[in-house]
Amino acid sequence: MTPEVSYVIDTFFALFSFVLIIFMVPGFAMLEAGLVRTKNVTAVLMMNTMIYAIASMAFLLIGYSIAFGDFGADGMSKWAAFLFQMAFVGKIINIVSGGVSERARIVPFVFFAIIMAGFIYPTVVNWTWGLNMLEGTMLNLNMYDLAGSTVIHSTGGWALLAAILIIGARKGRYPKSGGVRVIPASNIPLVTLGAFLLWIGWFGFNGGSVGSIASKENADLVALTILNTNTAGLAGAITVGIMMYLKYRKLDITMVLNGALGGLVSITAGPDLYNIYQPILIGAIGGMLVVIFVPLFDKLRLDDPVGALSVHLVNGIWGTLAVGIFTDKLFMDQLKGVVVIAIFAFVSSYIVLFILNKLMSLKTTPDEEMEGLDVNECGLEAYPEFKRAF
Amino acid sequence: MTPEVSYVIDTFFALFSFVLIIFMVPGFAMLEAGLVRTKNVTAVLMMNTMIYAIASMAFLLIGYSIAFGDFGADGMSKWAAFLFQMAFVGKIINIVSGGVSERARIVPFVFFAIIMAGFIYPTVVNWTWGLNMLEGTMLNLNMYDLAGSTVIHSTGGWALLAAILIIGARKGRYPKSGGVRVIPASNIPLVTLGAFLLWIGWFGFNGGSVGSIASKENADLVALTILNTNTAGLAGAITVGIMMYLKYRKLDITMVLNGALGGLVSITAGPDLYNIYQPILIGAIGGMLVVIFVPLFDKLRLDDPVGALSVHLVNGIWGTLAVGIFTDKLFMDQLKGVVVIAIFAFVSSYIVLFILNKLMSLKTTPDEEMEGLDVNECGLEAYPEFKRAF
Amino acid sequence: MTPEVSYVIDTFFALFSFVLIIFMVPGFAMLEAGLVRTKNVTAVLMMNTMIYAIASMAFLLIGYSIAFGDFGADGMSKWAAFLFQMAFVGKIINIVSGGVSERARIVPFVFFAIIMAGFIYPTVVNWTWGLNMLEGTMLNLNMYDLAGSTVIHSTGGWALLAAILIIGARKGRYPKSGGVRVIPASNIPLVTLGAFLLWIGWFGFNGGSVGSIASKENADLVALTILNTNTAGLAGAITVGIMMYLKYRKLDITMVLNGALGGLVSITAGPDLYNIYQPILIGAIGGMLVVIFVPLFDKLRLDDPVGALSVHLVNGIWGTLAVGIFTDKLFMDQLKGVVVIAIFAFVSSYIVLFILNKLMSLKTTPDEEMEGLDVNECGLEAYPEFKRAF
């Protein structure tokens, strides 16, 4: 294959992958809009929209050069390479914004998005996929993380944990009398639509992360990556479905879909390294972890309306470690990557959010929360004509 | 073109087609969730999700090797070839699950999905697109069916007919006083979204079925296939629109969209064989058949809430025969294929569903049906906050 | 690269772009269905569906040959080239149908779609991207308009203006006591989903309009085009977000999303000509224009429920002129193109709509409007089970 043919095909393939990832923007938006109460739906959608816009712009103007230096790429158009990387950045903040839904104000998180997309996340990328300013130091990371179980998902998860610790739970979620008040999702079709748009976006996320399709070997690797990505999602969904049915004789669709997403996160570190059967086990464990950790976080009173901690943080860690267990990559390298990035992501996010919280309060007032964020943050309701049952 | 360039492009094209087909998963889910009553929406979504997961996994572990033998493909990555084939399998069971909506329990149909995706459908594929164990026998099929008017759509349709015969109608659908009680669709935007996601998925379904884009001839053939696919959908929609308007002076959107889908099914056997005008006629007839058969099936008390028998079974047959009418393929070969696969698909599905029904009852109790499947099957409502008008 | 490789890649790329544009069909449908009142949702969806079907068919049978002569293309499959062009045509009429929502009858606009897609739009394309029957005359246009800021968006906008002038405002929109009655959007998740599907479609619209990806230069140009398209959308959303927040301390999501769409329209004339920073300014101005013109059109009592005049007409003009301001294309050539096409599109649409209005009335009766178009035009409600709050 001539270099020009390869250049054209890889540019096209990167653009294809980019487009698939952008489907995750409405994907996250629909998933989260469906999981919250009707009175907070518009605010969730606005948050998702502004975060995509602001984070992408910050990455264009600041973040990309921290991560990768000048615009440039070998073997494909530098703009295609940039677009592919830029598509990732909104996702990481979506993880944060989803988990603080129903009580987080939009504007402070827009500022957080600038810092996350402009500085924190690019630093993580610098250390792993980018220029690597840690090279030659004791902290140099040899972690294998193809498409970001750690770089994206647990980084976002740690930032979310920081945010939840600062912002606290939704009003009435953990009553003084003990236990957890169930707050049902308001629109299940949106949850389902969102989950499948995310699933489809993952094919671009992971497939595109192979970096090139323009040789026989790479074409095989891309196809294997997409196959394994899908298989882990299937296994996550099936495992949670079986667990739910055995325990409750009911199939809770929000858990099953989160199981699929957990499976997808768990495969993301090494979909190109496994044979076609290993993802079944890895994704199944990913699904199980969701079932185990969702109630566990509630026991810890870490209120996460969309299950993002279990899906992204726990499975991001599991997925990264799985590469050390199922392949010949060193487990200690994987663990070191998880730990170093955990410390950096959590601490830096905590500091930034702590300061932001002092400056402008991350959380709505209890009255505003009661009335719903839509009216207070956006000035309009999501479904004004539908009479509410409660 | 060197073999490597061709290998890379065809792998990429198969992955592109695969992704488009996967949009049919939310496509079917949204279409069916919009067509049923709110009390059954979550169950429909759960059914669609579990079926995709289970059927794909069964095809990976069992079905593919029955259909095609070992993993392997000439001229493209074997994993891309597998993914493309795997994407089909969920569709066939979607056809079944859609038509038994609002009274079918999820778990038995999950078991059916395993058998359908693991054995019945792969056998049909073996005879047509695969290894062909019938070769040399009297039953050897020479039917031309590019993307599955018969292999997918009428196979699914026959299985659905078997299911409806066993499971019966929804409570109150056919009152003792005679006639048919209209049960209106609960969410028309979802129906529309779902129909267009299916329509878009069809471009991958039919376009990808050409098998290769990597030559001038094949590129032309793929483009012609996608053009003709679209044209048949347009013609189906327009024809039903005109028929509805002339008869009722109203444009019933669920019928128009089913007309489009009928047109799409009807072109699926031979979109690469027609000139650019023939699909107008074929799709128009496809639309008409939907208008004729939807009330006819109701007269026969075959209760099919989403019109799947008319769209998939009737038009699957029509589309396969159309190849024998409008091209130089032999009509008798087409008819033989339709009949042989009809008998196999109907009988095998009937037996499997009959046994399953004895083991675990395919249908909910009348009380559960009255209350809605969401609460009983899934433990949560689709729209808990919206006050119901009835 | 051999001509065959180039032919295959460009055919594939055109099909990829086509598919992205087709996502704009559900995109427009969901956007508009979310922006209108529940009683008019089915009618809006039916209008969108029929228009896509009818306009595409008219373009296949009549329009394409007026614009481009015989089917044919250099360097790619003629059917892929046709599909890409056909995908545009529904959009232009979507612009019209969106702006006359909630009081326009479907059937007359279906007839208008035939004339628009069969004659008016193809004539505009003939003058700009096609055969150019004006060549050698005084009217010969040298306007640069890569993907249709003028050819698509302001053409559609002028036709919409003609339609609004003829059809008038919704009942009660401009009370006799003065001012404007706010009519809130009924479903914000649909608005958001629709806007992002449009955004994604734009990557195919603009990227595909480069015409070829099959060389190093063209691959760079396509990637730059998609990057700049996205950036203008980001800038439009951010600008409107800031303006809304500074003015009202609320983030009105419908305005922010229309700001993004305004940014996308404004970049469409020259996304391949700018550096990567210019689209920030162009898109930001695009967003501002939406904020300025939405209330202005209301002051002029031009009732446009979805903001289409501001998004498509105003920004179509702005985007075309921007090419004359920010690049070395002549401003006067851009202006001349805007004016000539404005006159042609407005006058021809006005005449056609005026005659149609005499023949069959474009507008529903006040009683039908009050009751809602869904019942009267389609015979079914969009959400029959949800109790209405008003």
Side-chain angles (χ1 to χ4, degrees), chain B residues 1 5-6 9 12-13 16 20 37-39 184-189 191-193 195-197 199-200 203-204 207 213-216 218-224 226-227 230-231 233-238 241 244-245 248 250-254 256-257 260 276-277 280 383 386-390, chain C residues 2-5 7-12 14-16 18-19 22-23 25-26 29-30 33-34 41-43 45-46 48-50 52-54 56-57 60-61 71 76-83 86 106-107 110 187 190 193 374-389:
Chain B
M1 192 176 312
V5 172
S6 159
I9 291 176
F12 183 3
F13 182 64
F16 168 68
L20 291 186
R37 285 166 290 183
T38 56
K39 65 181 177 182
S186 65
N187 195 324
I188 300 296
V191 176
T192 311
L193 175 64
F196 278 108
L197 291 180
W199 194 323
I200 289 169
F203 300 141
I213 196 174
S215 72
K216 211 160 173 306
N218 281 336
D220 285 342
L221 217 50
V222 168
L224 176 67
I226 294 178
L227 170 57
N230 192 56
T231 301
L234 301 174
I238 293 169
M244 289 286 114
Y245 188 75
Y248 303 107
K250 310 268 185 219
L251 291 158
D252 177 336
I253 191 170
T254 61
V256 169
L257 292 169
I276 65 167
Y277 301 110
I280 300 175
Y383 313 105
F386 298 156
K387 199 160 188 175
R388 295 249 281 279
F390 50 86
Chain C
T2 67
E4 184 164 42
V5 172
Y7 186 96
V8 166
I9 292 176
D10 277 340
T11 298
F12 183 3
L15 294 172
F16 167 69
F18 157 74
V19 167
I22 299 301
F23 274 103
V25 179
M30 295 303 115
V41 168
T42 305
L45 294 166
M46 186 75 264
N48 273 277
T49 303
M50 282 314 285
Y52 171 61
I54 287 282
S56 303
M57 191 64 91
L60 172 66
L61 296 177
F71 291 106
M76 72 167 73
S77 163
K78 61 185 174 181
W79 306 125
F82 167 75
L83 279 167
M86 188 211 71
I106 296 169
V107 172
V110 166
N187 194 323
L190 289 187
L193 175 64
D374 288 3
V375 174
N376 289 291
E377 294 282 305
C378 303
L380 50 88
E381 293 177 63
Y383 312 105
E385 293 188 47
F386 298 158
K387 200 161 188 174
R388 295 249 283 279

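The model shown is predicted, which means the values in this text are computed figures rather than measured ones. Excluded from the calculations below are hydrogen atoms, water molecules and symmetry mates; all remaining heavy atoms, backbone and side chain alike, are included. Numbered from 1 within each chain, the chains take letters A, B, ... in sequence-line order.
- When the candidates B:Val222, B:Leu227, B:Asn187 are compared by the number of heavy-atom contacts under 4.5 Å with chain C, B:Leu227 comes out ahead.
- Between the C:Asp10 side chain and the C:Met76 main chain, no donor and acceptor come within less than 3.5 Å of each other.
- Of the listed residues (C:Thr49, C:Thr2, C:Val110), the greatest number of heavy-atom pairs within a distance under 4.5 Å of chain B belongs to C:Thr49.
- Within the 4.5 angstrom heavy-atom criterion, atoms from both the backbone and the side chain of C:Met46 approach chain B.
- In summary, the aromatic rings of B:Phe386 and C:Tyr383 are positioned with their centroids too far apart to meet the 6.0 Å limit.
- In terms of heavy-atom pairs under 4.5 angstrom with chain C, the leader among B:Ile213, B:Ile226, B:Val191, B:Ile200 is B:Ile200.
- Contacts between C:Val375 and chain B at a heavy-atom distance below 4.5 Å involve the backbone alone (N, CA, C, O).
- Options C:Asn376, C:Asn48, C:Val41 differ in how many heavy-atom pairs under 4.5 Å they form with chain B, and the most are formed by C:Asn376.
- Atom CG of C:Leu190 and atom CG of B:Leu193 lie 8.0 Å apart (nearest 0.5 Å).
- We find the CE-CE distance between C:Met57 and C:Met86 to be 10.0 Å, quoted to the nearest 0.5 Å.
- Annotation for B:Ala185 and B:Thr254: closest pair CB-CG2, 4.5 Å, computed over non-hydrogen atoms.
- Heavy-atom distances place both the backbone and the side chain of C:Phe16 under 4.5 Å from chain B.
- Considering only heavy atoms from C-beta on, C:Phe12 comes within 4.5 Å of B:Phe12 through its side chain.
- With values rounded to the nearest 0.5 angstrom, C:Ser56 atom OG is found 5.0 Å from B:Leu234 atom CG.
- Proximity to chain C is absent for every atom of B:Leu221, based on heavy atoms less than 4.5 angstrom apart.
- Of the two parts of B:Leu224, the backbone and the side chain both hold a non-hydrogen atom closer than 4.5 Å to a non-hydrogen atom of chain C.
- Looking at C:Glu385, its side chain does come within 3.5 Å of a backbone N or O of B:Thr38 through a donor-acceptor pair.
- The contact between C:Phe71 and chain B is made entirely by side chain atoms (from C-beta outward), counting heavy-atom distances below 4.5 Å.
- Both the backbone and the side chain of C:Val5 come within contact range of chain B, with heavy atoms under 4.5 Å apart.
- Remark: the backbone N or O of C:Ile106 is paired with a side-chain donor or acceptor of C:Glu377 at under 3.5 angstrom.
- Interface residue C:Ile22: backbone and side-chain heavy atoms are both found under 4.5 Å from chain B.
- Between B:Trp199 and B:Phe196, the ring center distance clears the sub-6.0 Å criterion.
- Distance check: B:Leu20 CG to B:Phe203 CZ gives 9.0 Å after rounding to the nearest 0.5 Å.
- With a 4.5 angstrom heavy-atom cutoff, C:Tyr52 touches chain B via backbone and side-chain atoms both.
- Looking at C:Leu60, only its side chain comes within 4.5 Å of chain B, counting heavy atoms on both sides.
- Among the candidates C:Val8, C:Leu61, C:Val19, C:Val107, the residue making the largest number of heavy-atom pairs closer than 4.5 Å to chain B is C:Val8.
- Interface remark: of the candidates B:Lys250, B:Met1, B:Lys39, B:Lys250 forms the most heavy-atom pairs closer than 4.5 Å to chain C.
- Proximity to chain C (any heavy atom under 4.5 Å) is restricted, for B:Asn230, to the side chain, taken from C-beta onward.
- Here the side chain of C:Thr42 pairs no donor or acceptor atom with the backbone of C:Asp374 at under 3.5 angstrom.
- In this structure, the separation between CD1 on B:Ile9 and OG1 on C:Thr11 is 10.0 Å, given to the nearest 0.5 Å.
- Of the listed residues (B:Ala237, B:Ser215, B:Ala195, B:Ala260), the one with the most heavy-atom contacts under 4.5 Å to chain C is B:Ser215.
- The most heavy-atom pairs under 4.5 Å with chain B, out of C:Gly379, C:Pro26, C:Ala382, come from C:Ala382.
- Ranked by heavy-atom pairs under 4.5 Å with chain C, the first of B:Ile280, B:Val256, B:Ile276 is B:Ile276.
- The residue among C:Ala29, C:Gly34, C:Pro384 with the most heavy atom pairs within less than 4.5 Å of chain B is C:Pro384.
- Of the residues considered (B:Pro189, B:Pro184, B:Ala219), B:Pro189 shows the highest number of contacts with chain C, using heavy-atom pairs under 4.5 Å.
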